[in-house]
Amino acid sequence: MKGGPAREALRAVNPPTGYFRPDSVADALEILARVDQARVVAGGTDWMLSVRTQGQVPAAVVDIFRLEELQGLIRHPDALEIGAAVTVARLLASAEVARDAPLLAQAADRFGSPPVRSRATIGGNLCNASPAADLTVALLASDATVEVASRRCRRSLAIRELVLGPRRTALASDELLVSVRVPIRPGAVWAFQKSGRRPALEISAAAVAFSAVLQDGHLREPRIACGAVAPTPMRALQAERLIADRRLDPSLILACARRAAAEVEPIDDVRGSALYRRRLVGAFVSRCLEGCHAG
Amino acid sequence: MPVKLSFTLNGRPVSAEVEPTMALLELLRERFDLTGAKLGCGEGECGACAVLLDEEAVLGCLTPAFAVDGRTVRTVEGLSSSEGLSALQQAFVSEGAIQCGFCTPGMEIAAASLLRQEPRPTPEQIRRGLEGNLCRCTGYVAMIEAVEAVNDD
Amino acid sequence: MTTETRWIGARVPKLDAPAKATGQVRYLSDLSLPGMLHGKIRRSDRPHARIVTIDIGQALAVPGVHAVLTARDIDNVAFGHGNDNNAFKNDIVRCIRDEIAAVAAETEEAAERACRAIQVTYEDLPAIFDPREALQPGAPVLYAEHPDNRPFTYSYGHGSIEQGEAESAFVVDNEFELTWVNHCCMGVSAILASFDAEGRLTLHSQTQVPFLYRRDMAAIVGMDPADIRVIQPTIGGAFGSKLDIYPFEPIAVHLARATRRPVRIVFSRQEEFRASPTRQPAIVTLRTGCDRQGRLTFRDAHVLLDNGGHTSWGATIPFVMMQTVSSLYRVPHVRFACDVVYTNNPYSGSFRGYGNLQATFAVEQQVDMLAERCGLDPLEIRRLNAQHSGEETGQGLVFSTCGLKDCLDSVARQSDWAQARSNREAGAKLRRGVGVAGLLHVGGGAKIYRSDGCGSILSIDDFGKATLVTGSSDIGQGSETVLAQIVAEVLGIDIARVRVINDDTDVKPWDVGVHASRTSYVAGNSALMAARQARDKLLGAAARSFQVPLEELSLRDGSVMRGSERLTALDRLVRSLHFSERAELLVTQAYFEPASVKQDSEFRGNVSPTYAFAAQVAEVEVELDTGVVRVVRVSAAHDVGKVLNALGLEGQIEGGIVMGMGYALSEELKIVQGMVLNPSFRDYHIPTAPEVPEIRVEFIETLDPTGPFGAKGVGEAPAICLAAAIANAVYHATGVRFTRLPLTPERVLEGLIAAGLVADLGASPCQA
């Protein structure tokens with residue numbers, strides 16, 4: 001007797017032709033500019049799944065997981081800069097992230113499971129553009145931006161400009177997401193809520209990230225981001241306007257929760273009905289606001 | 001275009017040529033006949049395929065084989081030594097943490113990865129450390145106790 | 001019975017645990033044979049359709065393909081409890097998953113590609129997915145021989161419902177709905193079939209019932225059962241799922257026969273969710289009455305079972321459901337009726353508890369409802385109605401020992417019941433609650449065949465090592481360790497000197513199989529008989545050779561002892577027998593047949609020689625704004641007769657409790673139009689480590705007079721009553737009664753909003 005696993009379940013039908021492991025971002029951009037239909041792969045967790053379940057095999061793979069230039073976790077005076085290949089495990093272990101980007105830390109804590117977190121990267125998760133991506137929701141409420149590079153140019157995009165739809169981003173085929181910039185908001189309050197009974201292995205039926213600056217009891221620049229309730233993570237702008245520059249009280253919290261629940265655009269699927277998702281958004285917005293009301 | 005890999009596997013230097021789409025689990029099971037890591041779901045949801053990559057748990061089914069080039073891989077087969085079971089494995093045996101045993105290799109890998117990061121984990125940290133590994137037999141209680149028992153030693 | 005034991009009752013690690021801890025054990029998906037091919041099955045994607053054409057031309061052209069088979073290529077013998085299944089479906093598919101064709105190829109990916117290349121055209125037939133509708137006149141018919149779509153009915157009664165109603169002060173009446181649940185064995189379904197040069201078949205199989213399996217397989221593939229050898233490699237969990245033969249198994253045999261090569265089939269996880277048997281769904285309509293003091297007066301149950309498109313063991317769960325309806329607590333008047341109805345949904349098999357989770361969910365919630373009506377505490381009404389040892393129930397079940405009351409007392413103590421009941425508020429958006437449920441289950445098999453016995457062959461070799469060849473099987477639950485403990489105990493040897501062989505039908509004697517919580521009791525008694533014979537032989541030989549009275553001798557620490565004097569070592573004694581003029585081998589054999597009876601046509605009779613009882617208390621927290629229910633603590637007390645292996649027993653009970661929690665809170669195959677929409681652990685949630693509650697367990701030892709050392713079987717019991725206890729706890733926390741499982745956050749929140757406990761934040765603002 002000798003070993004042998006289920007081969008089919010693990011192997012792609014048509015292997016790609018190219019594998020590249022560039023040593024620098026410049027080299028990576030060169031490859032992306034030159035090679036048609038090259039696929040950037042970081043930790044590979046989403047990519048391996050798509051290879052296996054959808055048989056999606058690109059012409060070439062550009063492996064950026066170990067690119068030194070994408071590993072940074074740098075505290076600037078006004079922002080935290082996080083390299084695209086920083087893993088979720090590193091986000092979770094970072095004292096800077098915990099202090100300066102607490103929404104990201106909380107979302108990372110509920111991300112996948114430990115062996116997934118050790119491979120999955122912040123850049124990969126953003127580019128996967130899942131409607132239910134918790135990290136994206138956290139970044140959206142943090143006013144984060146991303147740095148995108150190509151041989152042609154370098155540009156900065158807001159999260160909502162990057163993520164256009166399910167599995168769809170604004171990146172051109174020769175572009176690489178190199179870093180994420182999370183502004184530091186002194187005096188801000190934060191809250192993150194997501195659905196489910198368990199801390200891990202839970203794809204959100206709904207998630208809400210909230211941040212605002214509390215000034216003399218008034219909420220300045222409130223941000224309410226919601227996940228899994230629209231084709232992309234979205235801001236509840238009407239709900240934000242309701243509470244902007246106001247003092248919270250129970251009736252305002254209730255009105256804001258209802259407004260957010262009304263303005264999201266969820267669908268029915270196996271993870272929950274549209275109605276339940278609205279109810280969750282209402283419950284989570286309410287929890288977020290009560291938290292900072294009480295605090 | 002096959003990718004040439006050299007890496008350390010359970011303490012020994014090895015090399016292989018793989019297609020870029022090959023998963024680490026397939027490399028270990030088919031090329032090296034290490035069947036300890038299991039294919040439980042192929043979707044990253046059960047943890048049965050977990051192995052240590054530079055002493056950190058990763059999923060064999062979601063990690064590209066090319067990711068191990070130049071690095072160190074340890075599977076459940078590499079947890080024990082010629083002296084016998086590791087303290088962790090012994091604790092799994094004596095605390096009754098093993099029933100059907102299918103999830104055991106992945107569970108031990110998750111526990112080993114946790115203990116490396118947190119040599120004295122709290123019960124809560126142990127639960128969180130095992131949260132990516134499914135077990136249908138034991139109800140996890142004995143596994144949590146087993147990791148605590150290693151912690152006590 | 002306070003005799004000192006060394007192995008019985010100890011915490012003995014599983015004998016195979018070191019091999020499993022090091023990854024050395026090979027499961028079916030780790031095994032291969034030289035020349036082995038990979039089998040894949042092409043299944044229907046229609047719930048109900050006539051197969052018009054099957055074109056296998058392109059499939060045969062895929063490189064590496066050795067054979068493509070359909071119904072036309074084989075003698076397609078019907079099989080299954082309803083004789084309504086085939087390896088390949090002949091002309092009609094009756095559910096999504098039905099097997100149409102299969103491929104054997106050199107690699108799994110080639111087999112997969114060839115399967116996809118098979119062209120099937122269908123003519124859709126009207127389909128039916130609701131068992132209530134299937135019973136309506138004019139509903140689409142699945143099988144012409146069953147024009148009413150009702151292949152089985154069950155009817156049982158004792159006493160008189162009319163009289164019971166007349167004696168009742170309070171009556172409750174509810175409909176309970178239980179859904180499909182997957183076993184989620186970590187090791188997926190698999191088989192490896194190979195023929196030898198003389199046409200004999202070897203099956204590496206996951207079956208829990210190797211002898212019945214061999215007989216049934218022989219009939220399906222047209223062989224002499226004597227030419228089939230079943231080898232049972234270590235399996236990655238079973239929980240009842242391998243109690244029947246399923247089409248993929250004869251398909252592997254047909255492929256091996258057609259290709260003259262070994263063929264292995266291993267499911268994908270998605271296939272496992274879509275095409276393996278489930279826990280039987282049920283709609284239970286139950287009325288229960290009690291008098292003013294809370295004494296139960298009657299139970300009147302009607303059960304509707306969705307049989308799916310074919311019949312497996314799910315259709316037979318009424319046997320167990322009616323025991324709980326008739327005999328969990330004293331009930332003078334009982335009526336039980338059940339209709340089993342064909343639909344175009346997936347079909348169900350056997351699953352740990354075998355219908356009892358469904359029945360107990362209904363029965364134990366109504367006990368709580370009646371307690372509230374007559375002003376009794378939930379524990380009080382149960383104590384009032386619990387039976388004593390020695391009682392016979394209306395159905396003829398004889399409770400030789402019954403620890404139900406002790407279990408109730410134990411969980412009251414462990415959970416600090418009175419205190420927990422008085423403490424419900426935990427915050428503006430959080431409620432606490434505590435609930436209890438009890439259970440009754442067979443504890444020593446169930447005589448559903450002519451024999452419910454098990455054979456053992458025990459030999460002691462020249463080195464004092466004992467080898468027990470048992471008919472029973474181990475499916476991960478640890479029976480081989482318990483049997484070794486029994487042998488070690490009786491022979492006075494170390495357990496390391498006992499080897500148990502239980503995996504090969506060419507070697508082991510008959511046994512019914514692993515089901516009905518029978519292995520520790522039936523195989524245990526059988527091993528005990530064989531061990532006692534061996535002990536008597538050894539002591540007799542020692543008495544003769546040392547010229548001492550037999551009654552002064554005993555076996556201890558690998559030696560024959562006379563009091564505290566060591567007469568001879570065991571191995572020496574065996575050698576002296578072996579190499580003497582007597583030339584005697586130390587081999588014994590035993591067959592144990594439990595003193596249970598096959599029930600009569602009215603379902604009366606003592607179907608098991610002993611019964612297991614338990615009570616479990618669940619403490620829950622309910623988030624009012626999201627509907628999330630968390631189980632904080634479970635206190636369990638189980639009447640186990642006698643603890644054989646404390647470590648193994650704790651593992652069974654903890655594992656069962658967590659499985660029961662999954663059933664209660666999250667597990668549900670979402671099936672729409674016959675299609676499983678969540679065939680993945682991503683969207684089918686079994687419990688994970690952080691969700692596990694604090695679990696307290698107490699064993700109640702009632703020392704059953706017929707059990708090995710007094711033990712009863714407990715394999716299934718721990719999973720049975722937790723869902724009812726959780727639902728009772730949620731009611732205690734919120735005042736809302738949930739009669740449908742699982743208690744998903746969405747469903748719970750809906751109930752809380754409907755009851756006016758919380759505002760509906762999802763209602764559009766203009767309505768609000």
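Numbers restart at 1 for each chain; the letters A, B, ... are given by sequence-line order, proteins then strands.
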Look only at the side chain of [X] and the backbone of [Y], and say whether a donor-acceptor pair between them is shorter than 3.5 Å.
X: C:S276; Y: C:F273; answer: no
X: C:D625; Y: C:L761; answer: no
X: A:R168; Y: A:A129; answer: no

By a 4.5 Å heavy-atom criterion (distance strictly below it), what part of A:S273 contacts chain C: side chain, backbone, both, or neither?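 For A:S273, backbone and side chain are both near chain C.
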
Which atoms of A:I203 approach chain C - backbone, side chain, both or neither, heavy atom under 4.5 Å
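Side chain of A:I203 only, per the 4.5 Å heavy-atom cut-off to chain C.
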
Close side-chain approach of [X] to [Y], heavy-atom, < 4.5 Å:
X: A:I122; Y: A:L104; result: yes
X: A:R39; Y: A:S50; result: yes
X: A:L92; Y: A:D109; result: yes
X: C:R274; Y: C:R43; result: no
X: A:L289; Y: A:L252; result: no
X: A:F192; Y: A:P102; result: no
X: A:C256; Y: A:V285; result: yes

Under a 3.5 Å threshold, yes or no: a donor from one side chain and an acceptor from the other, between C:S189 and C:E272?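 Their side chains do contain a donor-acceptor pair, which is all the 3.5 Å distance test asks for.
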
Does any donor atom in the side chain of C:K20 or C:T234 lie under 3.5 Å from an acceptor atom in the other side chain?
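There is no such pair between these side chains.
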
Under a 4.5 Å heavy-atom cut-off, does chain A meet the side chain of [X], its backbone, both or neither?
X: C:E623; result: side chain
X: C:A110; result: neither
X: C:T744; result: neither

Name the member of C:L624, C:N678, C:I753 that forms the most heavy-atom pairs with chain A at distances under 4.5 Å.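 The option with the most such pairs is C:I753.
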
- request: Under 4.5 Å, counting heavy-atom pairs only, tell me which of C:L665, C:V758, C:L677 racks up the most with chain A.
  value: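 Top option by heavy-atom pairs under 4.5 Å: C:L665.
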
Between A:R271, A:R279, A:E202, A:R277, the one whose heavy-atom pairs under 4.5 Å with chain C are most numerous =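 Sorted descending by pairs with chain C, the first entry is A:R279.
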
Under 4.5 Å, heavy atom to heavy atom, which residues of residues 681-694 of chain C contact chain A?
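At a heavy-atom separation under 4.5 Å, chain A is reached by C:F681, C:R682, C:D683, C:H685, C:I686, C:T688, C:P690, C:E691.
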
| said: Could you check whether atom CZ of A:R167 has more than 12 heavy atoms from other residues, nucleotides or ligands sitting under 6.0 Å from it? | reply: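 Buried by this count: over 12 neighbours within 6.0 Å.
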
Who in residues 223-235 of chain A is close to chain C, using a strict under-4.5 Å heavy-atom cut-off?
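Not one residue of residues 223-235 of chain A has a heavy atom under 4.5 Å from chain C.
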
